[in-house]
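Just so we're on the same page: letters track the sequence lines, and every chain starts at 1.
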Number of protein chains: 2
Amino acid sequence: MTETALAPVRTKPSFKAQMLQAREDAIIAAVNRLLAEKGFDAMTVDEVAAEVGIAKASLYKHFPSKEDLACAAMVRVMRRAQAFLASLPADGRPLEQIKAVARWTMELQLAGEMPSLPSQNSSLRATLMNSADYMNGLIEISDRLGRWIEAAQSEGSINPALPPLAVLYTLYARACDPVLEFLKASGQFSDAQIIELVMSTCFEGLEAR
Amino acid sequence: MTETALAPVRTKPSFKAQMLQAREDAIIAAVNRLLAEKGFDAMTVDEVAAEVGIAKASLYKHFPSKEDLACAAMVRVMRRAQAFLASLPADGRPLEQIKAVARWTMELQLAGEMPSLPSQNSSLRATLMNSADYMNGLIEISDRLGRWIEAAQSEGSINPALPPLAVLYTLYARACDPVLEFLKASGQFSDAQIIELVMSTCFEGLEAR
DNA sequence: GTCTATAGACCGATAGAC
DNA sequence: GTCTATCGGTCTATAGAC
């Protein structure tokens, strides 16, 4: 990838690649939406092709299987999460950083942009674990959250009796918490109210303080 | 169905019905196990028949569709829940009753006996909502929990700022909380420890008190 | 001999793959 | 746009109870 100022030629292949990239982005966005709306099992690749407006065969030029489609959507949301983490003020208190992340995942879910996968599907698990992009993203995010969790426990803002892993999993679980959709379906609360309610039960618990 | 003391004949049809009932119980138990293990979509009715050790056609003598199989499993777990509720001491404090129920659902899940259904499947939803057994059970359980929640909020043991519905949904969500399986998969905790951890995050929250 | 319930082949539709 | 596998659901011949 060495470039000099004398080689503007590069723009032509770049244009083709750009189109390819744009279509891939459109595919992933469609997959992301459908995964959020109906989940992996209920999503068909015909739907994906129809939503993107391309032939099913073209899909397979980009992604070798349905699992890889889902994986690409997960990588995308992981990158968005990493971008969000990077956008946080570096000097925030650890508990505030953690809360900001939790709130962000819930907003994503309420906006219908959080892909949901069945946790039991083994072929899907295998695809995800074989994806370096996915695993690296997951590990980096977990490391970052893990450091904040430990810092928050050290300063006494998060319950130090909890194993950091349990805190981490509890945060991840909020990203696919069915309580959000149930409360939304009840029609009694605004999105903002729903998020505040779940934030409260998550961080303050059900018991009165 | 008029019977007199002169008609001991009645034991014969009763025996037949008993066998029929026993097989139905076996079917539902198998469905329950498979639903807990792999979920509704991944479960095939061939598997169910194989697990019970009967022919698939015989399954359809008892239950007209796969959805009805799942519904029967849900009714079963609902009845177990009702039996558990009935077994609780009537004089317990509301918060303790609620905690006992939460703990019970988690134990069921860790034991691999909590059937899990996709919340988006519409034909399944329709079957469940058309089942009087299911709906009545669900409503009775919700009513009971609802009364305890309001009592606990009145006496100040559960955060009175939370809408009772939000508390109810939060409790229901613990019955299918993925945190349990994740913590179990980590191999670092016993079942009892996992339950205490999730009970703590649920009722006391992540923040230190 | 009749009748019920079973076993297992079979069908049609759907969806993933190419 | 075709191929094939899978799966929900059905059909039929048969075995066994009475």
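- Within the structure, salt bridge (charged side-chain N to carboxylate O under 4.0 Å, His left out) contacts touching residues 167-178 of chain A (residues at least two apart or in different chains) are A/Arg174-A/Asp177.
- For A/Arg103, the salt bridge (Lys or Arg N to Asp or Glu O under 4.0 Å) criterion is met by A/Glu196, not counting sequence neighbours.
- Contacts with DNA chain C (heavy atom under 4.0 Å) in residues 25-50 of chain B: none are found.
- In this structure, the ring-ring contact (aromatic ring centres under 6.0 Å, His included) partners of A/Phe84, at least two apart in sequence or on a different chain, are A/Trp104.
- Considering all non-hydrogen atoms of both residues, A/Ala30 and A/Glu51 come closest at CB-CG, 3.7 Å.
- Sparse packing is recorded around CE of B/Met129, with 12 or fewer heavy atoms of other residues, nucleotides or ligands lying under 6.0 Å away.
- Applying the salt bridge (Lys or Arg N to Asp or Glu O under 4.0 Å) criterion to B/Lys66, with sequence neighbours excluded, gives no partner residue.
- In this structure A/Ser123 satisfies the side chain to side chain contact (heavy atoms under 4.5 Å, CB included) test together with A/Glu67, A/Asn121, sequence neighbours excluded.
- Applying the 4.0 Å criterion to OP1 and OP2 of C/dC18, one finds that A/Tyr60 has every side-chain N and O outside that range.
- A search for salt bridge (Lys or Arg N to Asp or Glu O under 4.0 Å) contacts involving B/Asp68 returns nothing, not counting sequence neighbours.
- Remark: A/Asp133 engages A/Arg79 in a salt bridge, criterion side-chain N to carboxylate O under 4.0 Å.
- Rounded to whole Å, the distance from NZ on A/Lys56 to C1' on C/dC18 is 10 Å.
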I'd like a table of atom pairs between the protein and nucleotides 11-16 of chain D - only N or O on both sides, under 3.5 Å - with the distance next to each one.
none

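- In this structure, B/Lys184 is not positioned above the aromatic face of B/Phe189 in the sense of NZ or CZ being under 6.0 Å from the six-membered ring centre and within 45° of the axis.
- Contacts between residues 114-129 of chain B and DNA chain C, counted as heavy-atom distances below 4.0 Å, involve no residue at all.
- Every residue meeting the side chain to side chain donor-acceptor pair (under 3.5 Å) condition with B/Gln82, not counting sequence neighbours, appears here in chain and number order: B/Glu140.
- Near-neighbour residues of DNA chain C inside residues 64-73 of chain A, defined by a heavy atom below 4.0 Å, number-ordered: A/Pro64, A/Ser65, A/Lys66.
- Of the charged side-chain nitrogens involved, none lies within less than 4.0 Å of a carboxylate oxygen, so that A/Glu47 and A/Arg33 do not count as a salt-bridged pair.
- Remark: A/Lys56 pairs with A/Val45, A/Asp46, A/Ala49, A/Tyr60 by the side chain to side chain contact (heavy atoms under 4.5 Å, CB included) rule, at least two apart or across chains.
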